[in-house]
Every structure is written in structure tokens, then in C-alpha cells.
Amino acid sequence: MTVSTNGSAEFAPSLRAGTALAFPPLSFAARRRRVTGVVLRDLAALRRSPVRVFEIIFWPVVELVVWGYVTLFLESQKVPFVVSMLLGAVLLWQVLHRASNEVAIGFLEDIWSRNLLNMHVTPVTPPEYMTGLVLFSLTKIAAGITAMALLAYVIYGFGLLTVGIGLVPFMALLMIMGWALAFVAISCVLRFGEGAQVLAWSLVFVFQPLAGVFYPVSVLPQPLQYIAAFVPATHVFEGMRAVLNGGAIPWDRMAFAGVLDVVYVALALWLYAVTLRHARAKGRLSRFGE
Amino acid sequence: MKILEATSLAKRFGPVQAVADVSLTVRQGEIAGLLGPNGAGKSTTLHMLLGLVTPDSGTIRMFGLDLARHRTEVLSQVNFSASYLGLPGVLHVREVLDSFARMYGLRQPRERVDEIVELLEIGPLLRRKVIELSSGQQTRIQLAKALLNDPRLLILDEPTAALDPDAGDRIRGLLVRVARESGKALLITSHNMREVERMCDRIHFISGGRIVATGTAAELASDFGVEDLEEVFLKVARQGSIHI
């Protein structure tokens with residue numbers, strides 16, 4: 001096709017009236033299509049980046065190997081239950097850690113590629129964008145945990161499935177908490193700028209000592225135990241230890257953790273809405289395009 | 001028919017009054033230019049029109065809808081391209097366009113991408129990563145992205161800034177035809193006065209956060225008593241808030 005400045009050349013069929021081109025913007029079909037766009041974009045980015053694929057496996061494997069051999073050493077010192085406890089903790093911690101990191105990094109990718117403004121001038125709504133990031137993170141979490149679980153079984157003979165049916169609520173509760181933390185990290189970046197992006201990696205570690213990942217919460221000082229009770233992950237790790245000790249799944253604790261998760265997500269989404277409104281009001285969103 | 005109607009927009013960032021009082025309209029099929037010196041408030045105005053910046057006061061209506069209340073409906077009919085924006089670098093061009101086509105809720109995203117690829121003659125770039133493209137090629141991909149949803153209003157911030165004269169001329173021709181043949185409205189900023197003279201039906205000059213002159217290139221030159229748009233620009237830039 002030849003294009004000239006006076007616009008006289010033959011024109012391709014793409015300039016037809018576009019009224020039927022898109023689904024009605026508020027329809028469910030349009031919303032589903034927009035979320036799919038976010039997910040496919042991130043999946044394509046993952047596929048095109050061998051480093052990112054490598055990273056899904058690398059860090060979890062490093063943690064597993066280090067902690068695995070620590071547990072073998074402790075076991076040789078006749079410390080009871082230590083293999084299953086610590087390996088279970090390492091694996092479940094990765095669920096929380098990955099859920100938080102992957103969603104936050106998905107958002108940061110848009111900043112790093114100066115694509116954030118392109119995203120914010122699409123009709124993709126904040127909940128749709130977040131849903132896309134969350135769905136994409138599921139893929140990476142599943143890949144990472146599967147690799148770790150296989151490795152744990154092959155090297156240490158620890159089967160993650162020994163946790164039993166409790167694995168489902170444990171993982172779900174940790175993922176939801178991780179996503180909530182990611183929304184908080186994203187909100188901080190929106191509010192304070194790119195300098196706050198370190199929170200995407202570090203915020204989850206604030207909760208590691210409180211949640212009793214590798215030890216019972218009872219070893220914490222009493223004031224910290226009160227705080228830990230309001231961390232959903234605390235109940236998951238306590239529950240995991242109970243199950244691996246041969247006990248039943250403490251469903252009451254799981255239910256409480258579920259309530260806490262709902263509160264965490266609600267607060268995180270509220271914070272995101274507030275900081276996005278603030279970023280638009282103060283012109284901070286525009287600056288991410290510079 | 002008015003596609004865009006912005007009334008009395010104002011925006012202050014701390015001590016800086018970025019936009020003081022901007023009112024402008026863009027009609028269906030019209031190519032409107034928004035010109036002004038650096039720091040005049042062009043980008044802030046565009047970003048308010050796109051919902052990236054919330055105005056302190058004033059209203060923005062597009063297609064008869066209030067942007068603040070009907071953001072999703074409005075943005076589904078608008079698109080934007082700017083030379084300072086990027087795209088996900090590791091993605092192939094095809095993947096970028098496919099994902100944006102979905103983000104605009106298109107019914108047949110792949111078919112629409114094929115149409116736009118043909119229109120912009122970017123077929124040879126489809127299997128290349130964005131990061132491997134020259135800045136001129138990236139500009140064409142940005143424009144392709146901006147046409148995906150067949151927008152009723154296309155907002156372009158320096159659309160040909162990174163293009164060589166030949167590519168710039170071809171893109172200008174394309175944009176003019178987009179407006180003429182499909183009735184799209186275009187709102188363009190540019191520091192290329194020749195480009196603006198050739199493309200724009202109406203030009204809004206902004207200075208000190210206010211629209212200080214509006215008209216065709218010929219009308220503005222006549223009103224300012226100068227030969228061409230470049231001299232109008234120089235007068236506005238050097239004298240500040242001349243009101244015509």
C-alpha cells in the first residue's frame with residue numbers, strides 16, 4: 001500500500017466503522033477479554049525471557065537445598081520431626097513469597113518498560129488489571145512449587161502430599177495473603193515512586209518472623225504472639241505443624257485465617273484505590289511515563 | 001458533532017499552576033493541534049483528557065459522556081500514542097498488539113491486528129522483539145497499538161518525533177486519511193510547525209496553562225500579523241499570554 005500525505009491512496013479495509021469491533025465495554029465478555037489480555041501479555045513476556053523462567057525454579061530450589069541439608073543435619077542430631085516440619089515450611093513459605101512477589105513484579109514490569117501509561121489509558125479497570133496479575137502469578141506459583149515438591153521428594157523423600165487435604169486450604173490462604181501484600185507494595189510504589197519498589201521483594205519478609213514459619217509461635221514473646229494471631233499465615237503454619245505431628249486440620253484456625261485474608265485483601269484494595277486516586281491527583285502517574 | 005469538550009480545566013502541582021484555564025473542543029473528523037512552548041501545559045492537558053491526571057476543576061466530556069463517571073466506556077473509544085512511552089520490550093510485536101487488542105475488549109483481536117499490520121505495513125516486524133526495533137519502528141508499533149480499537153478520538157503526543165522525514169511523511173499521510181475516511185477525531189501535539197500546518201484543521205495555542213489563540217494556521221498567522229505558524233509559535237512563546 002502506498003501512503004501519501006494528501007491521503008489519496010487506496011485504503012486498507014481497516015478504516016471501516018468500528019462499532020461492532022469490540023464488546024460493549026461494561027459487558028462480562030469485554031471484562032473477560034481485557035483480563036485475558038493482561039494474562040497473555042505476561043505469559044508472553046515470561047515465554048520470551050529465559051532468565052525469568054530460570055528464576056521461577058532457581059531461588060526456590062536454592063532455598064530447598066539449603067534448608068533441606070540443614071534439616072538432614074538436625075535429624076542426624078536426633079531432633080524429632082525436623083525434616084517434614086522444615087521442608088513443609090520451606091515449601092509453603094514459597095507459596096506466600098511467590099504470590100506476593102509475582103504480582104508486584106508484574107506491575108513493576110509495566111514501569112520498567114515505560115508501559116504503565118499505555119495500560120492506564122486502556123479501558124482495563126484496576127480490578128481487571130489486578131485479576132490479570134493474580135491469574136498470571138498462579139502459573140508461576142504452580143510451576144515453582146511443583147518443581148520444589150518434586151525435588152523435595154527426590155532428594156529428601158519428603159512428599160508434600162503427606163500434608164493431606166489440608167494442603168488445599170493452606171496454599172489458598174497463603175496465596176491470598178501474598179496477593180494482598182503485593183497490592184500493598186504496588187500501592188506504596190504508586191504513592192512514593194519507584195524508590196519504593198524494594199517493597200515488592202521485602203514486604204513479605206516482615207511477616208516471616210511473626211508467622212512462625214520455621215518455629216511455633218509460642219516461642220515468640222507474648223506481645224508478638226498477639227500480633228502474630230492477626231497474621232493469616234501464622235494459622236497456616238501452625239496448622240501445618242499440627243497435621244505433620246499427626247493431628248487433625250485445625251479448621252477453626254483455617255476459618256479465622258480466611259476471615260483475616262478477606263480483611264487483608266479488602267484493606268489492600270482500598271489502599272490501592274486511594275493511592276491510585278492520589279497518584280492521578282498529584283500527577284505521579286504521569287511521571288511513570290517519563 | 002463534538003467528540004471532545006473540555007471546559008475550564010485547571011491543574012496545580014504544588015506551587016506550579018500547570019494548567020490555569022483550558023477549554024477546547026474537537027469535532028468528529030477534525031484534526032486539532034495543541035501547540036505551545038515547553039512547560040505550557042500541553043502534556044498535563046492531554047493527560048487530563050486521558051484520565052491520567054485528575055483536574056482540580058473543570059469538566060471533560062467525550063462522546064457526550066463525562067470522563068470521570070464513565071471512564072471505561074470513554075477509554076474504550078479513545079487511544080493514545082506518545083514518543084516517550086514504551087512497550088514491553090521482550091515481547092514480539094505480534095504479542096504486544098494481540099494483548100492490547102484484548103485489553104480493548106475487541107471481539108476478534110487477531111483479525112484486527114492483521115488489519116492494522118497491513119495498514120501500517122509492519123508485517124516484517126511482527127516476529128521481532130520490541131526492544132530490537134529502532135525508535136522509528138517503535139513509533140509505528142505505538143501507532144498500530146493506538147489504532148487497534150478504531151478509536152473515535154486519537155490523542156497523539158509528538159507522533160512523528162522519532163521518525164525520519166520519509167517515515168514521518170508516510171505516517172502523517174496515514175493519520176490524515178484515518179481522520180478523513182473514518183471520521184476519527186485527532187488531537188495532536190507537535191513541535192513540527194510544518195507538520196501541524198499540513199495536518200491540522202484547527203490549532204489551539206497554549207501558553208502559561210491557558211489557551212491563548214485558536215484558529216486555522218492561516219487565521220492564526222493573519223491574527224498575529226506574521227507569515228506562518230512557526231512565527232506565531234515564536235510570538236506566543238516569547239510574549240507569553242497574548243490573547244487573540
Side-chain angles (χ1 to χ4, degrees), chain A residues 1-9 11-27 29-31 33-42 44-45 47-49 52 109-110 112-115 117-125 128 277 280-283 285-286 289-290, chain B residues 11 13 18 43-44 47 50-54 71-76 78-80 82 84-92 95-96 98-109 112 115-116 118-119 121 129 142 145 147 149-151 169-174 176-178 180-182 198:
Chain A
M1 185 192 71
T2 306
V3 179
S4 64
T5 49
N6 62 11
S8 60
F11 217 36
S14 50
L15 296 183
R16 60 182 164 65
T19 49
L21 200 62
F23 293 109
L26 298 182
S27 66
R31 293 186 189 283
R33 183 56 54 89
R34 293 195 292 262
V35 170
T36 308
V38 176
V39 175
L40 288 182
R41 188 269 313 259
D42 288 340
R47 199 169 61 236
R48 298 282 167 224
S49 177
R52 285 178 209 171
E109 300 264 11
D110 275 325
W112 296 332
S113 59
R114 291 184 298 120
N115 187 47
L117 297 197
N118 275 329
M119 292 299 300
H120 278 268
V121 300
T122 66
V124 174
T125 62
E128 290 164 2
R277 196 160 54 239
R280 286 178 181 149
K282 298 295 178 188
L285 200 56
S286 291
E290 292 170 354
Chain B
K11 187 68 201 175
F13 297 123
S43 290
T44 302
H47 287 186
L50 288 160
L52 295 170
V53 172
T54 309
R71 186 183 178 88
T72 301
E73 297 98 308
V74 167
L75 289 181
S76 67
V78 177
N79 216 315
F80 177 54
Y84 49 82
L85 293 185
L87 291 165
V90 295
L91 263 62
H92 283 187
E95 292 163 340
V96 169
D98 276 352
S99 58
F100 271 106
R102 286 175 169 79
M103 287 182 219
Y104 279 93
L106 302 192
R107 291 175 190 270
Q108 296 179 306
R112 178 60 180 167
E115 289 179 1
I116 294 298
E118 184 191 338
L119 178 69
E121 300 172 320
K129 287 184 178 178
Q142 286 274 4
K145 188 275 301 180
L147 291 170
N149 61 327
D150 199 16
D169 186 60
R170 291 158 71 83
I171 292 298
R172 274 191 290 278
L174 174 70
V176 168
R177 286 195 300 146
V178 165
R180 300 289 177 257
E181 296 186 18
S182 66
R198 287 166 68 181

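Letters A, B, ... mirror the listed sequences (proteins, then strands); counts begin at 1.
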Checklist line | Point-to-point distance, once rounded to the nearest 0.5 Å, from CG of L50(B) to NE2 of H120(A) | finding: 12.5 Å
Note to self: Tell me which of these, G283(A), S113(A), S49(A), has more heavy-atom pairs under 4.5 Å with chain B than the rest.
What the structure shows: S113(A)
Note to self: Between M103(B) and M119(A), is the side chain to side chain contact (heavy atoms under 4.5 Å, CB included) condition met? List the steps.
What the structure shows: CA-CA 9 Å; M103(B) 287 182 219; M119(A) 292 299 300; 3.5 Å; yes
Note to self: Can a donor-acceptor pair be found, under 3.5 Å and without considering hydrogens, that links the side chain of R112(B) to the backbone of L21(A)?
What the structure shows: no
Margin query: Tell me every residue that passes side-chain hydrogen bond (donor to acceptor under 3.5 Å, both in side chains) with R277(A), counting only those two or more places apart in sequence or in another chain.
Written below: none
Check: Would you find a donor on one side and an acceptor on the other, under 3.5 Å apart, between the side chain of K282(A) and the backbone of V53(B)?
Finding: no
Note to self: Which atoms of F13(B) are under 4.5 Å from chain A, going by heavy atoms: the side chain, the backbone, both sets, or neither?
What the structure shows: side chain
Next item on the list: Please look at T122(A) and chain B and tell me whether the side chain, the backbone, both or neither of the residue comes under 4.5 angstrom of a heavy atom of that chain.
Entry: both
Margin query: Is R47(A) in contact with chain B via its backbone, its side chain, both, or neither, using a 4.5 Å heavy-atom distance?
Written below: side chain
Note to self: Could you tell me if the side chain of V78(B) sits less than 4.5 Å from the side chain of V121(A), heavy atoms only?
What the structure shows: no
Check: Does L85(B) offer a backbone N or O that forms a donor-acceptor pair with the side chain of N115(A) under 3.5 Å?
Finding: no
Note to self: Below 4.5 Å, heavy-atom pairs only: which of S99(B), G51(B), P109(B) has the largest tally toward chain A?
What the structure shows: S99(B)
Note to self: The criterion is side-chain hydrogen bond (donor to acceptor under 3.5 Å, both in side chains); which residues satisfy it with H47(B), sequence neighbours excluded?
What the structure shows: S286(A), Y84(B)
Item checked: Audit row: L91(B), R41(A), side chain to side chain contact (heavy atoms under 4.5 Å, CB included) steps and yes/no -> CA-CA 8 Å; L91(B) 263 62; R41(A) 188 269 313 259; 4.0 Å; yes
Next item on the list: Go through the steps for E73(B) and L26(A) under the test side chain to side chain contact (heavy atoms under 4.5 Å, CB included), then give the verdict.
Entry: CA-CA 7 Å; E73(B) 297 98 308; L26(A) 298 182; 3.4 Å; yes
Next item on the list: Specify the closest pair of heavy atoms between R33(A) and Q108(B), including all atoms of both residues, with the distance to one decimal.
Entry: NH1-N, 4.4 Å
Item checked: Atom group of R71(B) that falls short of 4.5 Å from chain A, counting heavy atoms -> side chain
Next item on the list: Quick one: which of H92(B), Q142(B), K145(B) has the most heavy-atom pairs under 4.5 Å with chain A, could you say?
Entry: H92(B)
Next item on the list: Can you measure from CG (D98(B)) to OG1 (T36(A)) and round to the nearest 0.5 angstrom?
Entry: 12.0 Å
Notebook entry, point to check: Does any N or O in the side chain of R34(A) come within less than 3.5 Å of the main-chain N or O of R102(B), such that one atom is a donor and the other an acceptor?
Noted result: no
Checklist line | Sidechain-backbone polar pair: K11(B) side chain, A281(A) backbone, donor-acceptor under 3.5 Å | finding: yes
Next item on the list: Find the one option among N118(A), V124(A), L40(A) whose heavy-atom pairs under 4.5 Å with chain B are most numerous.
Entry: N118(A)
